[in-house]
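Working notes, beginning with the structure itself.
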Amino acid sequence: MQFSGRRKKLSPSCQADLYEQALQFYGQPPLENISLSEFESFAVDRMKLLKTVENLGVSFVKLSDTYKNKLEAESKNLKLSPRQDNGLSEHEKRRKDHISHFILRLAYCQTEDLRRWFIQQEIDLFRYRFGELNSKQKLEFLHKNNLQYDTISVEEKQALSKEIVNSSYAVSGVKVEDQDVYKVPFQDALDLVRTRKVYLKAGYAYIPHQDIVTIVLNDFRTRLSKALALTARSLPAVHSDERLQPLLNHLSHAYVGQDYSIQKNVGKISLEQIDSLSGKSFPLCMRQLHQSLRENHHLRHGGRMQYGLFLKGIGLSLEQALQFWRSEFIRGKVDADKFDKAYAYGIRHMFGKEGKRADYTPYSCMKVILSNPPSQGDHHGCPFRHSDPELLKQKLQFYKVSPSGISQVLELVKGMHYQLACQKYFELTHNVEDANFSLNHPNQYFIESQRALGGGKESKREADAPQRSQESSAARGSTAAQEAAAADASQNLAEMTEDLDSFFNDS
Amino acid sequence: MPAADYDSASLPDLLPLYYRRLFPFSLYYRWLNYGGVQKNYFQNREFSFTLKDDIYVRYQSFSTQNELEKEMQKMNPYKIDIGAVYSHRPNQHNTVKSGTFQALEKELVFDIDMTDYDDVRSCCSQADICSKCWTLMTIAIRVLDRALREDFGFQHLLWVYSGRRGVHCWVCDEGARKLSVAARSAVAEYLSLVKGGEETVKKVILTDPIHPFIRESLSLVEKYFPKYALQEQDILGQKESVDKVLSLVPEDVRKTLQQDFQNERKPETRWKILKDQASRKQNTTKKGKHFEKEIMLQYCYPRLDVNVSKGVNHLLKSPFSVHPKTGRISVPIDIKELETFDPFSVPTISLICEELDRPRTEEEDVKSEEVKENEVDAAENRKIRDYKRTSLAKYVRYFDQFLDAMARSWKGELLKKSDLQKEF
């Protein structure tokens, strides 16, 4: 606040220019001074917005009417809608949008996970906002940001029109003739290539003007990921400011949710308990994995990762995990010797004892639903997302879910609300009317289930804080952990510049 | 072919001979060096060896062909894998600051494994294959080869028999080697049509309009479907397999078909009835109207291991490596002879080593006199002579042709560059 007097000094023309348009690529950082309280409130508001973007993306089809309406309402509510309405002036809102984006860059550039989350939400937000522009504004935006793409000739367009129409969901033949078709290397339109929504020929993607948002988004993504890597490098300077550091740390922790990696219950679970727990307190995805492991005495890599990390999260120690997997695998085709050679490494790796010694966190629902879908021979994934409805129905019947309950679950699945479906399943199997949490993690399901079943009395929450510090001091004692931590710290900075692409391909 | 009888216990005796006299080191080096266009391309490449008793050695790297040769002859690896080209020499990865050692480039690779087809083949399961189900690999190569060339514009595709139950594809174009992880996964997903694991019955769902890529792939699958699926796999013969097919058609059609099939036993006619139902449905409803296409794709469309293609640092078994279980050499497949490629006639290490021991014919002796002239290349020539006497020869020759084609392409590049310079 003490700097507020100096704010006026900055050139107003540059800022006015910056806020001329509703949408921007955030190429220029804000140069003015702002008060700490404004800093914090801007940041918190944008975080709320991004969190909304994430939630809506899970609950509704992206860019459907409901999705757009809800996002619009929330943007207005947080005064982060770049469009004109009552309340703050357009300029004020664009300024808030601009500054808040840059503050969150500081908070979210620190780790891979944070960057991935931030970029994903910012991109979804950008996509929505770009879609809200009218065609004249879109052209202005392209022009202003110097985005020029090669168009194909009329003759070429005519020759390819059938293919282009058949490759894109929303273009009819008539429309193709009216609009420009851009020809870009397929690497610049990966989102369209991935979903097979574009015509590809000899390495080039042919994109009708109405789909141009993908190329623009690709551009935005590249710029943002580069910018975040750069931001990360200048982070030490920011961290030396003791006013900002706690704020930024708080920001990055506040909204990504718990990662369930802190093993506060290590050793609280015995291997004998797993069978009964899997029936009572495991979410369906883990119950399914457990069952097929018991039946086939084997799980493929995707399943071992998803289930293994979950088990680690509920408190299995490395020794227990090794024993658990070995005893099951050797009942199948794998003998003890083969297990030790081929599988034990993977399990130690999961616990951060091999390779780059990263302590892997259990998969969240988003990760289970979106990344690495199961293929032939796989049992992992989200049963609500990756099962045929008919099979899911049978399974639920087998687990004695009431017919009305089943139809409620299936209805949610049909609407692609997989996490809500899982939550409904929780409510039905735990006899609670309304589970007052919002489910986003299999390990959260487990904890909530234990609590609902009365297991919560030996409470995880109460013992939480003191135990956590114990754990970490215990960990510090071991040399291995020390090495890992040291390596991690030195690695952190170096890794910032790593090819960020790899972290986004899950989405 | 008694000579081909392979016993895995003999491997430790055969490998030294194979690496000393038969392994095509010079071509192998020529491939991975890529004309020396980029500095340290070969030197920074990761190799990994699997030694006796499943001992796995990662991050091997070599500065010259000679060094690679010496090391392989010393270690006699049971299996060789090729990894990425890294920012530093992989064998020194521990000496550079962690985080700076990064995988930069690699061929875009595809791995197709017969075990992934277990739900749609009745002849074998797991690691077993037979000439019947091998058609699946032929289809896979046809479909992917077309798409990678025509849709993605790649030219240098090396298809390799894995030695047991599958095939690999190495896309060696410069553009492919430089693809990011995101781009690799997008390509792999573009090419994947069969989706879902054990909890999914219907794994292919088509929606309108049908993408040109799917249309092209379908027309390739259609060529094989009647003989492969209807006759050889007999998917519309036994009740059990018929039920499996019918579980993929819309419920209202299923009943009709069940009745129609009672009076008709011939698979081809049954398929015709099913197709007629599908075309009737296409005129009336929107949903599920492509079911006959979906069935063909589910039974025949290539099933990729997407994770292998995604990672730049993912290791894949090298061409000319031996498969320790079958003893067969992992040989390149000439696409022009794809239809006649028979995995069972691929030479085993025991066969080619025995061929080497057979007495020379006179003609060969004459030739060997000629080459004596040039003492410098004598060792190299001897090796060439050696593999030429074995059934490995034709595969090595094809590999050589593949490398020639690639060399022409970068020569073209260099020429273009120098032309441009002249203009100034």
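In what follows, chains are A, B, ... by sequence order, proteins preceding strands, each numbered from 1. FYI, side chains are in, hydrogens and waters are out, and symmetry mates aren't considered; it's all heavy atoms of this structure.
Only the side chain of A:Q288 comes within contact range of chain B, judged by heavy atoms closer than 4.5 Å. When heavy atoms are compared at a cutoff of 4.5 Å, A:K338 does not approach chain B at all. Residue contact with chain A, scored on non-hydrogen atoms closer than 4.5 Å, is absent for B:I205. With a 4.5 angstrom heavy-atom cutoff, B:Y56 does not touch chain A via any of its atoms. With a 4.5 Å cut-off on non-hydrogen atoms, B:Q126 touches chain A through its side chain but not through its backbone. In this structure, chain B has a heavy atom under 4.5 Å from the side chain of A:Q187, while its backbone stays farther away. For B:V201, the parts lying near chain A are the backbone and the side chain together; criterion is any non-hydrogen pair under 4.5 Å. For B:E198, the parts lying under 4.5 angstrom from a heavy atom of chain A are both the backbone and the side chain. The contact between A:L190 and chain B is made by backbone and side chain atoms together, counting heavy-atom distances below 4.5 Å. Heavy atoms closer than 4.5 Å to chain A are found in the side chain of B:I214, but not in its backbone. Contact annotation for B:L179: only side-chain heavy atoms (C-beta onward) come within less than 4.5 Å of a heavy atom of chain A.
No other option in B:G311, B:A186, B:G153, B:A188 has as many heavy-atom pairs under 4.5 Å with chain A as B:A186. Each of B:V312, B:L193, B:I55, B:L104 has some count of heavy-atom pairs under 4.5 Å with chain A, and the biggest count is that of B:L193. Note on B:F152, B:Y117, B:F154, B:F213: by heavy-atom pairs under 4.5 Å with chain A, the leading option is B:F152. Chain A forms the most heavy-atom pairs under 4.5 Å with one residue out of B:R149, B:R184, B:Q155, B:E150, and that residue is B:E150. Among B:D305, B:I210, B:D151, B:T115, the residue with the largest count of heavy-atom pairs under 4.5 Å with chain A is B:D151.
For NZ of A:K201, the number of neighbouring non-hydrogen atoms (other residues, nucleotides, ligands) closer than 6.0 Å is 12 at most. Surrounding NZ of B:K195 are more than 12 heavy atoms belonging to other residues, nucleotides or ligands, all under 6.0 Å away. Atom OH of A:Y204 has 12 or fewer heavy atoms from other residues, nucleotides or ligands within 6.0 Å. Residue B:K202 qualifies as enclosed at atom NZ: its count of foreign heavy atoms under 6.0 Å is above 12. In the displayed structure, A:D150 atom CG is contacted under 6.0 Å by at most 12 heavy atoms of other residues, nucleotides or ligands.
If you take CD on B:E189 and OG1 on A:T195, they are separated by 9.0 Å, rounding to the nearest 0.5 Å. A distance of 10.5 Å separates OG in A:S167 from CZ in B:R215, rounded to the nearest 0.5 Å. B:D118 contributes atom CG, which lies 6.5 Å from atom CD of A:Q376 (distance to the nearest 0.5 angstrom). Rounded to the nearest 0.5 angstrom, B:E199 CD and A:S292 OG are separated by 7.5 Å.
Under a 4.0 Å N-O distance rule, the pair A:D378/B:K203 does not qualify as a salt bridge.
Residues A:R194 and B:S185 share a closest heavy-atom pair of NH1-OG, 3.0 Å. Scanning all heavy atoms of the two residues, the minimum distance from A:V193 to B:Y190 falls at O-CD1, 3.2 Å. For the residue pair A:R196 and B:S192, the shortest heavy atom distance occurs at NH2-O, 2.7 Å.
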